**Student:** 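Following this message is one structure expressed as structure tokens.
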Number of protein chains: 2
Amino acid sequence: MRTIDWVGGAVEIIDQTILPERLEVRRLTTVAELVEAVRTLAVRGAPALGVAGAMGVALAAREHSPGPGRDAAVREIGAARPTAVNLAAGVRRAAARLTDGPDAVLAEALAVRDEEIASSAAMAARGADLVSEWCGPAPRLLTHCNTGALAAVTGGTALAVVTELHRRGALGGVVASETRPLLQGARLTAWELARAGVPYRVAVDAAGPYLVARGEVDAVVVGADRICANGDVVNKIGTYAHALGAARAGIPFLVVAPESTVDSTTASGADVPIEDRDPAEVLGYRGAVTAPDGAAAVNPAFDVTPADLVTAIVTDRRVIGPGTPVIGPGPAHETP
Amino acid sequence: MRTIDWVGGAVEIIDQTILPERLEVRRLTTVAELVEAVRTLAVRGAPALGVAGAMGVALAAREHSPGPGRDAAVREIGAARPTAVNLAAGVRRAAARLTDGPDAVLAEALAVRDEEIASSAAMAARGADLVSEWCGPAPRLLTHCNTGALAAVTGGTALAVVTELHRRGALGGVVASETRPLLQGARLTAWELARAGVPYRVAVDAAGPYLVARGEVDAVVVGADRICANGDVVNKIGTYAHALGAARAGIPFLVVAPESTVDSTTASGADVPIEDRDPAEVLGYRGAVTAPDGAAAVNPAFDVTPADLVTAIVTDRRVIGPGTPVIGPGPAHETP
């Protein structure tokens, strides 16, 4: 099963807003439908957004003749969410083929998809090797948000490392941080881990640093929405707190992301547009009251983890370790 | 209005499990009812728990003749929740008067109540002075959980400082961290702030350190469930992450608590029993699904903030500042 794919002339996604209650595939036949699915997080996760962006341009190429209407549609896809670099990058990559016609655009979108599938496998193996090297035979991990197959096409990023360790019989357990306000950890990560037969516990986000401090976690493993040139990591809100907790306790903080998430054109986290989402996400949950009528809220969807708190970044091609630049002559910690 | 009081031979509490939907007073006429109210957090907050403990013994003194039944009832009250020192201390204080008869026990419980009311006023003034001194005329604060009147009898601890600053026209704003899993921040603190006319925003817990990092917060102000002899602060889960964020950003982290929360007999946070509550609190919220069926969870209700992350502790009698021992010959930063 793929989280996002091109099927019979349209984009099909697993609708992530209704998991874990039901597993439903939603078919997106127009740019407008795709943009709405991106904005509402029916499809989400940096690698999946890259594929969605590219496939959105493939839809635009079929929906519009060349001209201002098509250009506007392409721009709208790229701007549907601002923080993850993959979305705009996927759009740009597919849009570069627009002059060659719709089939060429689609071929590029399918290439983006296939590359993300291959990346997941490479990251899972390399990340699992690294965690085993650092933490021994049965590491207990903490992860945040959802970085499994649902955030990619198959496999995933950080969660692919967790499931790979489990597959190897080399996992001591995993805590899934629930990830308020939209609970991608409790809803999606827990659902994926249960399906994979991986023993897990859900915790509120605020418990992460304390579980680390009381010795229940050997390493924190997270994904990324954008990795800046200086090594700052932009990821789901709450990541920074887990990184602070890991640093204080002296345990590794590992970021797992494909090269497509590395944005060498953005100098640091301070230069990344952080999406502030609808306060209503914070003030309620699926009909349950969480605050009084009329309450105000602030809802940043991402945060910035400064590079000095990151032990290493595993990509599909390399390990960016302490003192190894994100860009430059080649990483000292590169593994073949 | 008092959060907890003795009215016509019974304990009356504002039932905090149904706020903010409805404001209801619940009458507790037996020890069993009081213990259930404490366990379910219908009454909560360290100062309020101290009063509940003492008034619970007053109920026991009326319900039982001297003997093993009464002793067991008293022990059950003190053990209803393990972390906040006030509950057991309130029980011990009232129980010391049992040999003098029910009226003497009740007099002691009312004294505990009156002392908490006086403490709140003293802490609010001293804490507001300190925040103004540190942060200037319009500090923007972040607070966690509920530390207002609902956590005490009237006034409160950290939230009393916030409302006192507002009353003085010396508050720039406040972020109320929602405090999963039971959302005391979103439900109770927001409700109190709205009633007091204080402008506020709710945020998910995980956003705290990031809002601090991006310059939206001038100081973090929290309460405490137990302050250890070495200055470690045990408080609602999530406090530690906010402290890490404050320390990283170099802004003050202020703890506000009555002397009744200072436990000089417990050496450090490592010696405090941390309550692990029902995983069901994490896995759902008022009927809303937050995780797949069969999910497991870990649910520590409190965490430990090491003393070195605490800028100062304001009590009703003193300011315990950097390098000032919790116990000892007298604090260097004491204010008259």
Side-chain angles (χ1 to χ4, degrees), chain A residues 19-21 144 175-181 183 186-187 190-191 194 199-211 213-214 216 236-242 244-245 247-248 274 279 281-300 302-304 306, chain B residues 19-21 144 175-181 183 186-187 190-191 194 199-211 213-214 216 236-242 244-245 247-248 274 279 281-300 302-304 306:
Chain A
L19 280 171
E21 289 93 329
H144 189 62
V175 172
S177 189
E178 66 172 2
T179 318
R180 277 279 290 158
L183 297 165
R187 293 193 299 114
W191 181 81
Y200 70 93
R201 296 181 298 168
V202 177
V204 297
D205 303 319
Y210 176 61
L211 293 173
R214 79 175 183 188
E216 297 189 25
K236 179 56 56 190
I237 192 75
T239 302
Y240 172 48
H242 293 316
L244 288 168
R248 170 87 187 193
I274 299 294
E281 291 180 351
V282 174
L283 298 171
Y285 183 70
R286 299 193 172 195
V289 173
T290 65
D293 288 345
V298 56
N299 187 18
F302 302 93
D303 61 25
V304 179
Chain B
L19 280 171
E21 290 92 329
H144 189 63
V175 172
S177 190
E178 67 173 1
T179 318
R180 277 279 290 156
L183 297 164
R187 293 191 301 112
W191 182 81
Y200 71 92
R201 298 181 297 170
V202 177
V204 297
D205 303 319
Y210 176 62
L211 293 173
R214 79 176 185 188
E216 297 189 25
K236 179 55 55 189
I237 191 76
T239 302
Y240 172 49
H242 293 317
L244 288 168
R248 170 86 187 195
I274 300 293
E281 292 180 351
V282 174
L283 298 171
Y285 182 70
R286 298 190 172 199
V289 173
T290 64
D293 288 345
V298 55
N299 187 19
F302 302 93
D303 61 24
V304 179

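Chain identifiers are assigned alphabetically (A, B, ...) following the order of the sequence lines, protein sequences preceding nucleic acid strands; residue numbering begins at 1 within each chain. Just so it is clear, the structure is predicted and the values come from calculations on it, not from any experiment.
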**Student:** What closest approach, in Å, do Pro292(B) and Pro20(A) show between heavy atoms, and which atom pair accounts for it?
**Tutor:** N-CG, 3.8 Å
**Student:** Which pair of heavy atoms, one from Pro181(B) and one from Asn299(B), lies closest together, and at what distance?
**Tutor:** CG-OD1, 3.7 Å
**Student:** Roughly how far, to the nearest 0.5 Å, is the CZ atom of Arg180(B) from the CD1 atom of Ile237(B)?
**Tutor:** 12.5 Å
**Student:** At a heavy-atom separation under 4.5 Å, does Pro209(A) approach chain B through its side chain, its backbone, both, or neither?
**Tutor:** both
**Student:** Mind checking side chain to side chain donor-acceptor pair (under 3.5 Å) for Ser177(B) and listing every partner two or more places apart, or none if nothing turns up?
**Tutor:** His144(B), Asp205(B), His242(B)
**Student:** Who among Gly238(A), Ala176(A), Pro199(A) has the most heavy-atom pairs with chain B under 4.5 Å?
**Tutor:** Gly238(A)
**Student:** Specify which of Trp191(B), Phe302(B), Tyr210(B), Tyr200(B) makes the most heavy-atom pairs with chain A at under 4.5 Å.
**Tutor:** Tyr210(B)
**Student:** At a heavy-atom distance under 4.5 Å, which candidate from Thr239(B), Leu19(B), Leu244(B) has the highest pair count against chain A?
**Tutor:** Leu244(B)
**Student:** Select one option (side chain, backbone, both, neither) describing which atoms of Ala190(A) are under 4.5 Å from chain B's heavy atoms.
**Tutor:** both
**Student:** With a 4.5 angstrom heavy-atom cut-off, which part of Tyr240(A) approaches chain B: side chain, backbone, both or neither?
**Tutor:** side chain
**Student:** Please report the closest heavy-atom contact between Thr290(B) and Ala186(A), naming both atoms and the distance.
**Tutor:** O-CB, 2.7 Å
**Student:** Find the one option among Val282(B), Leu283(B), Thr179(B), Val304(B) whose heavy-atom pairs under 4.5 Å with chain A are most numerous.
**Tutor:** Val282(B)
**Student:** Checking Glu281(A) against chain B: side chain, backbone, both or neither under 4.5 Å from a heavy atom?
**Tutor:** neither
**Student:** Let's test your reading of the structure: which of Asp303(A), Leu183(A), Val298(A) forms the most heavy-atom pairs below 4.5 Å with chain B?
**Tutor:** Val298(A)
**Student:** With a 4.5 angstrom heavy-atom cut-off, could you sort out which part of Ala295(B) is near chain A: side chain, backbone, both or neither?
**Tutor:** both
